[in-house]
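Down below is the structure, laid out as C-alpha cells.
Lettering of chains follows the sequences in order, A, B, ..., and the numbering in each one begins at 1. This one's a predicted model, so the numbers in the text were calculated from it and none came from an experiment.
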Amino acid sequence: MISLRFYLLDIDSRLRSGEVEVRLWGLTDEGRRVVLFDRALKPYFYAVAENTELLEKQLKSIGDVEEFELKEARIFGKNVKAFKIYVSNPDRVDSIAEAVSKLKGCGGVYDCDLRHTQHYLLDYDVQPCGWHVVEVEPTDKENIKIDEAYRMLKPPVSIGYQKDVIFRVLAFYMIPLPSKGSAKPEKDKIVCLAVRTNEGYVNVYNSEEVGERGLIENFIELIDSFNPDVIVGYGTNARDWEYLAKRAEANGLKLKVGRDGSEPHRSVYGHISIAGRIALDLYDYADDIADIKIKTLENLAAYLGVGVKDELMEEYDIPKLWESSEGRQRILSYALDRCRVIMECFKEFIDYGCQLSNLVCIPLDHVCTAAVGFRVESYLMKCSRKFGELIPKRIEKPYQPYAGAIVLEPKPGLHENVAVLDFRSMYPSIMMKFNISPDTYVEPEVNTKPEEVFIAPEVGHRFFKKPDGFYRDALKRLLEARAEISKKLKDLSPSSTEYRILDARQKAIKVITNAMYGYAGWIGARWYRRPIAESTTAWGRKTLLETVDYAMKIGLSVIYGDTDSIFVKHDQEKIEELVKYVSEKLGLEIKPETIYRRIIFTEAKKRYAGLLADGRIDITGLEAVRGDWSEIAKKIQREVIRIILETGSVEQALKEARKMLSDVEVGKVPLRELIIWKTLTKTTEDYKVLTAHVKAAQRLVDMGWDIGPGDKVGIIVVKGTGRLYDRVEPYQFVKPEDVDYRYYVENQIVPAVVRIISVFGYREEDLRAPIKTMEKKGQRTLF
DNA sequence: GCCTGATACATACCG
DNA sequence: ACCGGTATGTATCAGGCG
C-alpha cells in the first residue's frame, strides 16, 4: 500500500465489466501525472418511504435493484425515512428511479439525476483543484499517457494542503480558409494552426508546407509528446474541437488527444471534454465578464491588460489575404500572436478558475462552462450533504412573478460631494439574519407560535428562527471564509503567490455569495422556493426605506438609491450616525463606498455620471456604457459629461460636441465608430417584429455565415428610404459613401447629448444652433 | 392611403 | 438556464381624416 499526496485535476467514469469505475486524474506532490481507479462507489438513489413495508415489498421485485437500506434523511427540513437503493446497472438509475417514484408508499425519489462522478465528489468530499491523501496500490497503465496508474484502496481524504501546482499548458489557435461566409468543416480546410507551450515551445503549422493532414498530425504529435495537463484556446467549445475532429476525419485521421487515446467529446453544459486533460475555452471566461461587451479575444486581452498586436483580422479578410504570400505570412504571424495572447490570458485566469472549481466542487474544465445557477447549486449540494438533506430532482416549475427591489426617484441636476452608502452583502445578510432557507420555510397551513418565527413584511411568509437553515449555514461559511481571507491579504505582498491565490478565492466566494438570492428565485433550481426570494426582497425594501427615513430624519439629503445603496450629500458626522443606526437598529452593515466630487442625475433611474476624488469619471447606465450604441455617439456623450463635470460649463461642452458633430456630418468619422451591435436572441424566424439587426443577420445567413442565437450582429445605417431595417447593412459590407450620416447625428449623437444637457435646461436647438445664439445665454457655470 | 398616438416587442442595463 | 426593475428605440396597429 502506498500513500500519496494527490491534486485532483479531472474526474470521469467508465464501465468496466458491468461496474462503474471512477478515474481521478491529477498530479502528485513530486509533479508526477497519475490516474487513480476506484470502483468502490455503487450507483444509487433514494426513495422516500411513506409506507416502509409496502414500498420494501415492491422494491424486492424490481430487476436491477441490487440491494437497499432504510436511512434517516431530511427533505426541505422535514425528517423522513428513505431507502437508499443500489442499482446494479448504472445506465438504469434514471429509469428505475422513475419506476420507483410511481410505486405506492413512495414519497418521491432523490439524488437520482446526478452523474456518478458527482455522487463520488459529494459522498467522499473530494475537491477538484484540491489536495488529498490517497491510499493506493500500483496497477497497469493500460497505455494511458501518464506517469503512473493506481488502484484506490480507500476513498480519498481531502487535506487543507496548499501548494502551487504547475500545469503543463498548451495554447492553440487555428485558422480555416472559408470559401463562402463562415468556414465549414465539411469543405473548408484548416490552413494554419499555431501552438505555444508554457515551457517555451512555439510553432505555427502551415498547410502550404505540410498539407492539412500534416498540420493535424503535427498537432496530435505535439499533444502526444508534450502531454499537456491543460489545452487552452478561444472558442474551442463552439467551434475548434469539432472543426478539428471533422477535418481529421476528412484526412483519414482520428483526433486521439485524450490521455487514454480517446477523442474529444461533448459533455455537460456544452463543454468539450478531453480525457485526462483540462480542455479550457477562454471564451467562457470572457462571457462571464459583463464589462466586455463584444466577446472577442482582443477585448478579453484588453480587459486583462494583455497587449495585442495592433492588427485587425476578421474571418472575411482571410480568403483574400491567403491568396498572396505576403498575406499568408501575415495570417501566420497573426495566429502566432493570438496564441501568445491566449496563453497570457490563461495566466490571468487560472488562479480564479481553480479557486472557483474548488469552492463549488465542479471540475475546472466544466466550471467555466457551467452557468452561475449551476455553480451555486453545486455548492449547495455540497452543503446539503452536511445537513443530511437529500437532493431534489430538477423539475419544470411554473413561472410566478414576485416583487423585487425598489429604486428611488433621483433628484435631477448636478450635485457636489455626494457619498454612496452601500449595504454590505445586503441579500445574503438578510437571508442569514432571518434564517431564510428552503428548510426553515413554514408552509401556510402550519400553525406556529409568533415567537418561534420571523415574518416577512408585506408578503407574510414565515421562517423558523431555529435551527439554522442550510442556506444560513452555506452563507455563513462563505462570509466567514471571505472575511478570513481579507484579513490575511492585509499582511501579504500583492505580488506573492499566496496573495494571488487568496485574492482569486475571495473573488470566487463573492460571486457565489451574491448569486445565492437569484438562485433561490430561479424556477430551474432544485431548491427553488418562491417565498424565499420574495421574502428576501421584501425585507430588502423595508431595510432601504427605513434607512432613507432615518437619513432624512437626521437631516441628510437623499439624492438617489437603488436596492442596497443610498446617495446622500456628504456630511461626515451624520453619515456616521446613519451607519450606527443601521448597525444597531437594523442589524446590518452599511459603508460609504464611494465619494463623488460631482455627480449628474437625469430624470431617469439607473443612469448617472460622477467625478471621483482621483479625477476618474464613473458612468452608470447611460448610453456611453451600453454596447448597443455607436462608438461615436458614446464618445461625444462621454466628452460632454467630462466637460460638464470638470468645468461646470454646459456651453463649453456644447461647443465641443458641436465640433465633433460637424465632423460626422461631413463623414469625417471612421466606419468602426458607426457600428451598432445587437445580440440575436433567437433564430431569425422566431421574431415577431422585424428589426434592423435581424434583417442584417438574415442576409448574413443567406450568404453562408454561421450566425445564430447569442451572436452579436454589427450593423451600419446606410442611405435609403423606408424602415430602419431597410436602411442597414452588416458593417463588413459598408463603404463610407453609403453611410447615412444624418441618421447618426439625429438618432444617435443628438439623443445621447440631449439626455445630459436637458438636465440643465438646454435643448436640441442649443446643440445645433450657431455659436452666436448661444452667446445670448451668457457664460454661466453650474457651480 | 397617410398621419398620429398608443402599445408591443426587443435589447441592455443596474444592483 | 440566477432575480426583478428600469430606460429607450423601433415596429406595428387602430383610428382619424371627406
Distance-only side-chain donor-acceptor flag, [X] / [Y], under 3.5 Å:
X	Y	result
A:Asn435	A:Tyr471	no
A:Asp686	A:Thr683	yes
A:His265	A:Ser267	no

To the nearest Å, how far apart are [X] [atom1] and [N] [atom2]?
X	N	atom1	atom2	answer
A:Lys695	B:dA10	NZ	C1'	17 Å
A:Arg755	B:dC13	CZ	P	14 Å
A:Leu680	B:dA12	CG	P	10 Å

Just jot down the salt bridge (Lys or Arg N to Asp or Glu O under 4.0 Å) partners of [X], sequence neighbours excluded, or say none.
X	value
A:Lys591	none
A:Arg505	none
A:Arg115	none

Where along [range] does a heavy atom come under 4.0 Å from DNA chain C, residue by residue in number order?
range	answer
residues 590-609 of chain A	A:Ala604, A:Lys605, A:Lys606, A:Arg607
residues 368-384 of chain A	A:Ala371, A:Gly373, A:Phe374
residues 711-722 of chain A	none

Tell me whether the centres of the aromatic rings in [X] and [Y] are closer together than 6.0 Å.
X	Y	result
A:Trp522	A:Tyr399	no
A:Trp527	A:Phe470	yes
A:Phe434	A:Phe463	no

Would you indicate whether the side-chain heavy atoms of [Y] and [X] approach each other to under 4.5 Å?
X	Y	value
A:Glu389	A:Met381	no
A:Thr513	A:Arg482	no
A:Ile644	A:Phe760	yes
A:Val745	A:Arg768	yes
A:His570	A:Ile575	yes
A:Ile436	A:Trp539	yes

Tell me whether the OP1 or OP2 atom of B:dA10 has a side-chain N or O from A:His693 closer than 4.0 Å.
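No.
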
Under a 4.0 Å heavy-atom cut-off, which of residues 627-637 of chain A touch DNA chain B?
A:Gly627, A:Asp628

Identify, residue by residue, the members of residues 557-567 of chain A with a heavy atom below 4.0 Å from DNA chain B, and return them in order of residue number, or none.
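Those residues whose heavy atoms fall under 4.0 Å from DNA chain B, taken from residues 557-567 of chain A in numerical order, are A:Asp562, A:Thr563, A:Asp564.
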
For [X] and [Y], which heavy atoms make the closest approach, and how far apart are they?
X	Y	answer
A:Val511	A:Tyr352	CG2-OH, 3.7 Å
A:Thr369	A:Tyr269	CG2-O, 2.9 Å
A:Glu458	A:Ala538	OE2-O, 4.4 Å

Please name all residues satisfying side chain to side chain contact (heavy atoms under 4.5 Å, CB included) with A:Leu671, sequence neighbours left out, ordered by chain then number.
A:Leu674, A:Ile716, A:Val734, A:Pro736, A:Val739

Have a look at [X] and say if it touches a base, only the backbone sugar-phosphate, or nothing, with a 4.0 Å heavy-atom cut-off.
X	answer
A:Tyr528	nothing
A:Leu690	sugar-phosphate
A:Thr537	nothing
A:Asn514	nothing
A:Gly521	sugar-phosphate
A:Ala525	nothing
A:Gly518	base

If you assign each of A:Trp522 and A:Glu409 to its closest nucleotide in DNA chain C, which residue comes earlier from the 5' end?
A:Trp522

Partner set under ring pair (Phe, Tyr, Trp, His ring centres under 6.0 Å) for A:Tyr560, not counting sequence neighbours:
A:Phe567, A:Phe601, A:Tyr608

Report, as a single string ordered 5' to 3', how protein heavy atoms within less than 4.0 Å touch nucleotides 1-9 of chain B: B base, S sugar-phosphate only, - not at all.
--------S

Nucleotides bounding contact with chain A, strand DNA chain C, heavy-atom threshold 4.0 Å:
C:dA1 to C:dT12

A:Ser378 (side chain) donor-acceptor with A:Val360 (main chain) under 3.5 angstrom:
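Side chain of A:Ser378 to backbone of A:Val360, a donor-acceptor pair under 3.5 Å: yes, one is there.
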
